[in-house]
Amino acid sequence: MNLFLRLFYVLLSSFFRPRLVVGKTVSEISMLTMPNDLDINLHVNNGRYLTLCDLSRVDVFIRTGLARVMIKQGWMPIIAEHTMTYRKSLGMFKKFKATLEITHWDEKYFFMTHRFSVNGTIIADGTSKGVVKGKQGVVPPDAVIAAVLAANGGAVLR
């Protein structure tokens with residue numbers, strides 16, 4: 001099951017939402033669960049949460065200016081590790097908020113926290129770490145941030 005409609009929605013809406021700072025930043029997307037999100041137990045499938053995390057990252061890539069830099073440089077984002085803890089069920093036609101926070105980075109990885117909530121109640125949360133890979137291998141996060149800042153004219157976008 002693909003999420004092309006949601007992907008197009010995120011791609012388009014991200015261009016009209018306020019810009020985010022590159023580096024430590026937080027993205028929030030409000031969505032509605034749909035029938036194709038559910039498994040046979042009629043709640044959001046565990047794998048679907050991971051795909052929804054991908055959509056949050058797309059939002060961050062566009063709103064920070066990273067997407068433009070990745071395309072220009074031929075870079076690709078790759079998730080190296082992802083964990084989720086599922087606290088409550090999320091049923092059909094429920095409005096929820098997906099939050100992504102880039103918390104920190106080291107010489108190789110960006111570290112992110114993901115939260116899914118309904119009316120402030122955490123439904124699921126987790127962490128992931130990812131890299132940006134170029135033709136020569138992994139691009140250090142400091143170099144990624146510097147490239148985005150340079151593309152933004154040295155300004156931190158808000």
Side-chain angles (χ1 to χ4, degrees), residues 1-39 42-71 75-106 109-132 141-142 144-149 151-153 155-158:
M1 292 184 214
N2 292 314
L3 293 177
F4 286 119
L5 291 177
R6 276 203 187 120
L7 175 61
F8 292 135
Y9 167 75
V10 170
L11 285 170
L12 290 174
S13 66
S14 295
F15 285 105
F16 299 101
R17 297 181 69 207
R19 297 290 169 228
L20 296 173
V21 296
V22 63
K24 293 182 181 182
T25 195
V26 177
S27 162
E28 291 184 348
I29 302 175
S30 294
M31 292 186 239
L32 184 70
T33 59
M34 302 303 283
N36 66 331
D37 295 326
L38 309 182
D39 59 19
L42 300 179
H43 63 239
V44 174
N45 177 286
N46 60 328
R48 182 63 66 171
Y49 282 100
L50 303 181
T51 304
L52 294 168
C53 290
D54 288 339
L55 293 177
S56 292
R57 284 187 286 275
V58 168
D59 182 62
V60 168
F61 297 159
I62 292 170
R63 293 174 62 200
T64 61
L66 176 56
R68 188 172 4 111
V69 172
M70 285 192 297
I71 291 167
W75 294 346
M76 291 179 49
I78 299 171
I79 292 299
E81 182 178 305
H82 196 107
T83 62
M84 288 296 292
T85 301
Y86 308 99
R87 302 178 184 284
K88 296 184 180 282
S89 289
L90 187 55
M92 188 166 20
F93 301 122
K94 284 285 199 178
K95 188 172 181 180
F96 68 95
K97 186 180 294 185
T99 304
L100 176 148
E101 179 178 5
I102 298 176
T103 58
H104 63 289
W105 53 90
D106 61 17
Y109 297 104
F110 286 95
F111 295 86
M112 296 158 271
T113 299
H114 304 271
R115 283 182 301 282
F116 294 86
S117 60
V118 174
N119 298 324
T121 300
I122 302 294
I123 303 301
D125 60 349
T127 60
S128 63
K129 68 180 187 180
V131 298
V132 174
D142 286 337
V144 172
I145 293 168
V148 174
L149 288 173
N152 293 339
V156 176
L157 296 176
R158 295 209 181 266

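All heavy atoms count here, side chains included; hydrogens, waters and symmetry mates do not.
- Looking at Phe110 and Ile145, their side chains come closer than 4.5 Å, going by heavy atoms from C-beta outward.
- Within the 4.5 Å cutoff, side-chain heavy atoms of Ser27 are placed close to those of Arg63.
- Thr127 approaches His114 most closely through the heavy-atom pair C-CD2, 4.3 Å.
- Atom NZ of Lys94 has 12 or fewer heavy atoms from other residues, nucleotides or ligands within 6.0 Å.
- Using cut-offs of 30° and 60° for the angle between ring planes, the Phe116 and Tyr49 rings count as perpendicular.
- With contacts defined as side-chain heavy-atom distances shorter than 4.5 Å, the pair Arg48/Asp39 does not qualify.
- Contact check for Met31 versus Asp37: no side-chain heavy atoms found under the 4.5 Å cut-off.
- Residues Val118 and Ile123 approach most closely at CG2-CG1, 3.8 Å, considering heavy atoms.
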Any chance you could lay out the side-chain contact (heavy atoms from CB on, under 4.5 Å) test for Leu11 and Val58, step after step, and finish with the verdict? CA-CA 7 Å; Leu11 285 170; Val58 168; 3.8 Å; yes

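- With a 4.5 Å cut-off on side-chain heavy atoms, Thr25 and Val60 count as touching.
- Closest heavy-atom contact between Thr33 and Gly91: OG1-O, 2.5 Å.
- Taking all atoms of both residues into account, the shortest heavy-atom contact from Thr113 to Thr103 is OG1-CG2, 3.5 Å.
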Passes side-chain contact (heavy atoms from CB on, under 4.5 Å), Ile29 versus Arg17? Steps please. CA-CA 10 Å; Ile29 302 175; Arg17 297 181 69 207; 3.9 Å; yes

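- The nearest pair of heavy atoms linking Ala124 to Met84 is CB-CE, 3.8 Å.
- Contact annotation: the side chain of Phe93 approaches that of Met34 to within less than 4.5 Å [non-hydrogen atoms, C-beta and beyond].
- In this structure, the side chains of Ile102 and Met112 come closer than 4.5 Å at one or more pairs of heavy atoms.
- When side chains are defined from C-beta on, Lys24 counts as touching Trp105, because their heavy atoms get closer than 4.5 Å.
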